[in-house]
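For reference, the structure is listed below as structure tokens.
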Amino acid sequence: RGYRQQVAQKLRRRELPLGVRYHVFVDPPGRKIGNGGSTLHVLQCLEDLYGDEWTSFIVLLIHSGGYSQRLPNASALGKIFTALPFGEPVCQMLELKLAMYIDFPRHMRPGVLVTCSDDIELYSTGPTETLTFDKPGFTALAHPSDLAVGTTHGVFVLDPSSFSGEGGLEYASCRRFLHKPSVETMRQCGAVCVRGASAPPGSECVYTDSIFYIDQSTAKHLLTFYKEVGTLCCEIDAYGDFLQALGPAATHDYTQDMSNAAADEPGLVEVRRKLYSLLRGTALNVIVLNNSRFYHIGTTQEYLFHFTADSKLKFELDFLPVAFSAFSDRVATSGQCGSIIQSVLEPGARVGPGAVVEYCRIGPRASVGQGSIVSGAHIGPGADVPSGCLLSSLSVKVNGQVRYVSMAFGVEDNLKKSVKLLSDVQSLQFFGMGLLECLTLWGVKVSEQIFSGENTCLGLWTARIFPVCSTLSESVRMSLKMLHAVRHMSAFELSGFQLLSVEEMLTYKDVEDMLKFRKQIYDEICQQRQKEKSDL
């Protein structure tokens with residue numbers, strides 16, 4: 001519902017192409033099925049909606065779900081709606097994706113282009129070079145990368161006789177696909193190449209993956225497979241489990257390898273074997289983009305680096321220190337203030353270097369520390385957000401009433417980590433301190449009841465530690481008091497508050513109220529812009 005509301009709002013503002021059909025499809029209820037399972041489910045949804053007509057469509061499929069535990073400020077409203085520091089109104093990842101791929105459809109036969117919501121592919125080609133998606137099977141983009149990058153991505157083993165490594169764009173034959181291989185495996189399989197003449201002599205690279213296209217015939221085979229399997233009982237990876245079956249040198253060895261699997265599930269090996277049998281012999285065509293870069297902004301560290309440091313992405317997309325925001329003359333807005341995106345800063349407000357502030361109201365004399373991320377918050381007068389803090393506010397519906405909760409962590413805290421035993425909770429770190437010590441300072445009794453969900457997943461994500469408040473600014477104030485208690489080893493009692501975990505905040509979130517707050521900020525910025533124009 002929240003995704004559909006945001007797309008509808010963009011269409012009303014004419015921020016998206018109007019001659020396109022937009023759909024939001026949710027995974028079926030039950031077990032997680034991974035982005036590969038989601039891809040298959042979307043094909044089923046398209047057929048349910050359009051019948052055989054879907055086979056004539058050119059489809060852009062953006063995987064946009066997930067908990068976003070490594071970038072929690074995107075958890076509530078989706079990574080595809082991550083704001084970027086440029087544009088008036090600000091550009092979000094959805095608009096950037098459409099802009100990056102705007103030339104593809106005219107050179108694409110009916111089929112499905114699969115991409116993720118937190119990566120950016122930038123490339124340069126010659127004036128007569130065109131990216132064409134018209135071959136049977138799969139067609140993938142490939143980017144030259146250091147070998148270390150290849151260990152965390154998919155790597156193509158290209159036929160060396162089919163490309164030179166020169167020029168902006170080449171069409172190459174791919175013998176097989178490796179999923180997050182070791183450097184040794186890359187060398188053994190012949191994936192390591194010597195960079196072109198423009199690079200230092202002898203420098204090595206591998207060609208890594210990003211987006212890929214499935215032609216219509218292959219997509220229909222995949223849909224038939226999905227119907228035959230019925231309900232999926234495991235997570236399928238669209239990259240590891242589809243692409244590793246392709247190419248003349250592919251083997252079935254990967255079907256038993258669980259090292260890169262999302263979970264060690266009994267049914268996964270059988271599903272992989274069936275996929276391998278279905279896709280074996282299918283072509284994997286590769287478009288080698290020799291002058292390209294692949295960027296990922298799905299973690300707090302990547303997000304802060306690309307938005308505020310001297311990153312190549314910041315230079316190439318011309319990211320601004322202040323994007324579509326309203327502030328008084330007495331607010332520091334130099335390049336040292338970090339990145340301010342669609343926010344209102346009142347007199348005396350300060351944003352430290354290397355920090356990102358989005359969709360916020362920062363009160364008089366309030367400050368945001370260095371290297372922090374603050375999202376959707378109303379920070380009251382004189383409040384101080386410490387350095388290295390992630391603060392993100394959500395509206396929630398509790399007993400039919402709109403309430404507010406603000407999560408606060410260190411930007412380096414691991415929200416994906418969990419333990420099974422209460423005795424191991426001390427290994428969880430909150431803002432540089434063991435969680436048990438923090439709970440003691442907050443007067444929270446340690447028991448399995450302070451964790452939501454399954455009792456086998458005890459972690460920061462499921463810890464019921466954030467107080468429910470009646471106003472947005474009050475929720476921020478309470479969470480900042482929690483941080484103050486941890487930083488100064490002083491007590492701050494949470495007894496008397498209803499406490500929610502991040503997991504529960506997302507379950508109870510009130511999307512309408514969060515979008516309403518963003519709209520208020522948007523309108524106020526527009527009013528200030530109008531006033532500035534009339535004053536001139």
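Below, each value reflects all heavy atoms present in this structure, side chains not excepted, and no hydrogens, waters or symmetry copies.
In this structure, Q6 and L77 approach most closely via the heavy-atom pair NE2-O, 3.2 Å.
Separation of the F212 and Y239 ring centroids falls under the 6.0 Å cut-off. Side-chain rings of H306 and Y295 approach one another, their centers coming within less than 6.0 Å. Ring centers of Y207 and F156: at least 6.0 Å apart, outside the cut-off.
Pairs passing the salt bridge (charged side-chain N to carboxylate O under 4.0 Å, His left out) check and including a residue from residues 57-77, sequence neighbours excluded, do not occur. Sorted by first and then second residue, the side-chain hydrogen bond (donor to acceptor under 3.5 Å, both in side chains) pairs involving residues 15-24 (not counting sequence neighbours) are H23-Y50.
For K79 and D119, the salt-bridge test fails: no basic side-chain N is under 4.0 Å from an acidic carboxylate O. Taking the charged nitrogens against the carboxylate oxygens, E235 and R31 have no contact shorter than 4.0 Å, which rules out a salt bridge.
Scanning for side-chain hydrogen bond (donor to acceptor under 3.5 Å, both in side chains) contacts around S182 gives T185, with sequence neighbours left out. In terms of the ring pair (Phe, Tyr, Trp, His ring centres under 6.0 Å) criterion, residue partners of Y522 (sequence neighbours excluded) are, by chain and number, F324. Shown here are the ring pair (Phe, Tyr, Trp, His ring centres under 6.0 Å) partners of Y123, two or more places apart in sequence or in another chain: there are none. Listed by chain and number, the residues in a ring pair (Phe, Tyr, Trp, His ring centres under 6.0 Å) with Y303 are F307 (sequence neighbours excluded).
To the nearest 0.5 Å, atom CD1 of residue I120 and atom CD of residue E316 are 10.0 Å apart.
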